[in-house]
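This report concerns only the one structure given below.
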Amino acid sequence: MSNERGNESIDSILKEARLFNPPSDFSRGARIPDAAALERLYEHARADHSGFWAELARNELTWHTPFQTALDASQAPRYQWFKEGRLNVSYNCLDRQLEQRADKTAIIFEGEQGDVRHISYAELHQDVGRFANALKAHGVHSGDRVVIYMPMIPEAVVAMQACARIAAIHSVVFGGFSAESLKDRIEDAGAKLLITADGGHRGGKIVELKAAADKALSHGCASIEKVIVYQRTAHAINMQTDRDVWWADAIAPQSAQCEPEWVDSEHPLFLLYTSGSTGKPKGIQHSSAGYLLGAIVTMQWVFDIRDDDVFWCTADVGWVTGHSYVAYGPLACGATMVIYEGAPTVPDTGRFWKLCQDHKITIFYTAPTAIRALMKCGDEIPAQYDLSNLRLLGTVGEPINPEAWMWYHRIIGHERCPIVDTWWQTETGAHMIAPIPAAVATKPGSCTRPLPGIVADVVDEQGQSITAPNKGGYLVIKQPWPSMLRTIWGDHERYVKTYWGKFGGKYYLAGDSARRDKDGYFWIMGRIDDVLNVSGHRLGTMEVESALVAHPRVAEAAVVGRPDDIKGEAVFAYVVLRGERPPSGVDAVLTQELRLWVAEQIGPIAKPDDIRYADNLPKTRSGKIMRRLLRAIAAGQPITQDTSTLENEAILLQLQGKV
Ligand code: PRX
């Protein structure tokens with residue numbers, strides 16, 4: 001198994017000795033108040049795995065019809081949880097808050113330009129009901145797919161909740177994805193309706209969502225019947241008379257009362273496309289009951305959510321983090337959450353800290369890439385803001401380097417707030433390995449231990465558990481869990497092969513390598529497949545390669561990750577052109593054209609940071625691209641691989657950019 005991050009320096013191993021105990025006053029009122037309580041939960045889960053989850057499902061979800069079977073594994077690996085049960089996710093998020101929290105603020109929204117709105121649970125319930133009725137009026141029925149392509153505004157959550165209310169299956173496409181990516185996702189899901197906006201504010205500019213949607217629809221997407229457009233920026237856009245409807249017009253005639261559609265526990269709540277090791281993103285399919293349970297218990301255990309908290313997860317709803325910890329988890333727990341539309345750097349790099357101050361945020365959850373970027377701006381920026389309301393900090397999406405962890409701890413948390421480093425995936429639906437803030441001591445860079453009811457392990461090639469400390473292996477999950485993905489939309493075989501193939505259907509293969517230290521703490525080392533982690537976002541190298549070779553001048557391309565201080569990994573592309581290689585391997589105009597081309601094919605996050613031209617790509621005798629070699633070159637490391645099989649060793653110099 002190869003991974004650069006596995007080769008740790010002695011210094012960083014010694015730093016692992018640092019242990020941060022839970023603050024003594026943190027246990028008061030915490031859902032899991034101490035290590036002993038956590039141990040009891042582990043024991044309960046070990047003694048009766050499905051019974052443990054069944055009890056939580058009975059306690060934490062409001063059922064229309066109670067379930068009979070906790071776990072049905074008869075069609076494994078298509079696991080089914082809480083069978084015969086019926087419920088509605090939107091009811092569990094909104095209606096059940098009305099009795100005690102109708103006037104409580106559900107969402108504090110701040111636009112990039114500084115506009116602020118407070119939306120109570122009663123108002124959100126009405127907004128969702130009205131929009132759900134509008135969806136029905138436009139022909140959306142239970143099981144229909146609806147694609148949501150929105151800026152980060154409350155209406156994105158309203159749209160998701162409205163789909164859940166009428167049992168339509170949503171597929172949110174991140175607003176930073178291109179028209180082409182949107183089209184692929186619409187077509188794969190066979191979506192009937194698209195919800196978008198005229199645009200959104202980000203980075204001081206308008207993101208042209210409707211223009212991108214028009215482009216996607218003009219190229220295909222025959223299944224789309226209607227497009228509902230929310231007016232956010234009010235700049236001029238095209239509206240196609242027979243197809244496009246303004247959000248305001250769609251809801252105007254509708255009542256705010258919409259009976260929830262009761263669905264089976266296993267009814268798909270959403271699809272979310274994510275990158276894998278082929279060029280085609282996978283539509284990860286999640287369930288209703290199991291998914292929501294995962295979001296709720298992790299809000300309680302890991303975020304220790306309480307009634308007076310103000311919770312801010314900075315993720316966009318286009319990612320799974322924005323599903324579990326913006327659109328569903330906080331609402332199902334009756335919490336107050338913040339939604340911020342824009343970039344962390346507008347008008348300056350103090351924006352996140354100003355938001356924390358102004359909205360008295362108590363729990364702040366973001367990605368290491370954002371922490372690293374803001375750390376670079378200097379300690380004096382956060383020092384200008386009152387961060388005294390913060391009581392808990394979190395990270396997600398990639399390993400956090402100990403330096404960034406320490407900065408977060410000292411400068412943002414004032415050495416007072418525990419940091420929860422949460423390991424999980426689009427596929428897992430909710431946190432899997434993460435500290436319980438009042439019960440588990442943390443170590444910078446480790447996501448600590450699996451949560452109760454999550455049976456994670458590190459195994460070798462044969463599937464044997466690795467007990468020796470610090471020896472790397474495959475991260476696997478050995479028992480099904482309620483919030484797990486159910487399948488890949490339209491490709492069950494790929495689901496079985498990708499996640500269950502390696503160990504004969506016995507273990508879920510996460511696709512990460514990991515090691516455990518002497519205390520049993522997990523350290524994630526990185527992906528084992530051809531997936532990059534760019535600024536905490538998953539990106540398949542094959543996706544970028546397919547985009548590059550779609551350009552008329554490109555004959556062949558190989559994409560690898562290069563370590564990057566801020567982004568974690570940067571996209572490094574080696575390109576073989578049709579015809580001549582540019583003289584000395586330099587063609588600034590073409591490089592810029594290819595970068596923009598990739599941005600147009602996939603989205604700006606996929607833009608190669610480096611492009612190097614060569615006459616050939618290094619391949620083994622069997623024709624496989626020597627990616628390890630390419631990774632070493634991209635990282636500027638010495639070449640230790642055997643290159644004697646290369647047909648033309650001179651290309652090594654080209655790949656290294658030396659000729
Ligand atoms: O490699 C792991 C990394 O992100 C991958 C999952 O990406 P995605 O499905 O986009 O979900 C991201 C948000 C949940 C994982 O396979 N990853 C996620 N969280 C961590 C992490 N790596 C290290 N530490 C984490 N806390």
Side-chain angles (χ1 to χ4, degrees), residues 1 3-6 172 174 176-177 270-277 281-286 291 294-295 298 302 313-326 329 365-372 393-402 404-405 408 419-435 442-451 454 456 458 472 474-477 483-485 488 498-499 508-515 521-540 543 561 567-569 605-606:
M1 203 175 309
N3 198 292
E4 291 82 17
R5 282 186 211 138
V172 182
F174 172 53
F177 276 131
F270 66 85
L271 312 178
L272 185 58
Y273 285 80
T274 190
S275 296
S277 46
K282 311 175 270 199
I284 302 300
Q285 180 181 318
H286 276 287
Y291 170 79
T298 51
V302 180
C313 161
T314 66
D316 191 281
V317 286
W319 310 108
V320 73
T321 311
H323 282 59
S324 305
Y325 303 109
V326 179
Y365 186 42
T366 196
T369 187
I371 298 167
R372 286 192 297 266
L393 303 173
T395 72
V396 57
E398 53 179 318
I400 180 164
N401 47 315
W405 197 102
Y408 202 29
I419 297 179
V420 289
D421 175 347
T422 60
W423 177 85
W424 60 297
Q425 309 177 292
T426 304
E427 292 87 341
T428 69
H431 302 156
M432 301 290 279
I433 309 180
T442 52
K443 298 182 189 187
S446 166
C447 50
T448 76
R449 292 196 288 158
L451 297 176
I454 301 299
V458 180
Y474 296 98
L475 179 59
V476 295
I477 314 293
S483 66
M484 68 196 297
L485 78 166
I488 293 174
T498 309
Y499 302 106
Y508 167 84
L509 182 75
D512 282 342
S513 59
R515 64 186 170 81
Y521 277 42
F522 284 68
W523 297 76
I524 307 298
M525 291 153 67
R527 299 287 305 187
I528 54 169
D529 51 11
D530 292 324
V531 170
L532 306 183
N533 193 326
V534 180
S535 302
H537 300 315
R538 254 161 89 164
L539 193 62
E543 280 173 76
K567 300 207 266 187
E569 271 184 303
I605 52 164

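Both backbone and side-chain heavy atoms feed into the values below; hydrogens, waters and symmetry mates do not. When a ligand or atom number is given, it counts from 1 through the structure's own listing order.
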Q. If you count only heavy atoms, which residues are under 4.0 Å from ligand 1?
A.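 Lining ligand 1: V320, T321, V396, G397, E398, P399, D421, T422, W423, W424, Q425, T426, D512, I524, R527, N533, R538.
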Q. Is there a donor in the side chain of Y365 and an acceptor in the side chain of T422, or the other way round, less than 3.5 Å apart?
A.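 The criterion, which ignores hydrogens and geometry beyond distance, is satisfied for T422 and Y365.
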Q: For G429 and S324, work out which heavy atoms get closest and say how close.
A: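 Scanning both residues completely, I find the closest heavy atoms to be O-OG, 2.7 Å.
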Q: Taking all non-hydrogen atoms of both residues into account, name the closest pair between E543 and P281 and its distance.
A: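 Between these two residues, the closest heavy atoms are OE1-CG, 3.8 Å.
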(Q) List the residues meeting side chain to side chain contact (heavy atoms under 4.5 Å, CB included) with E427, not counting sequence neighbours, and say none if there are none. (A)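 Listed in chain order: T274, K282, I284, Q425, L485, Y499, Y508, R538.
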Q: State the CD1-CD1 distance between I400 and I371, to the nearest 0.5 angstrom.
A: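 Here the interatomic distance stands at 4.0 Å.
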Q: Measure the acute angle between the ring planes of H323 and F270, then classify it against the limits of 30° and 60° as parallel, tilted or perpendicular.
A: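 It falls in the tilted class, 30° to 60°.
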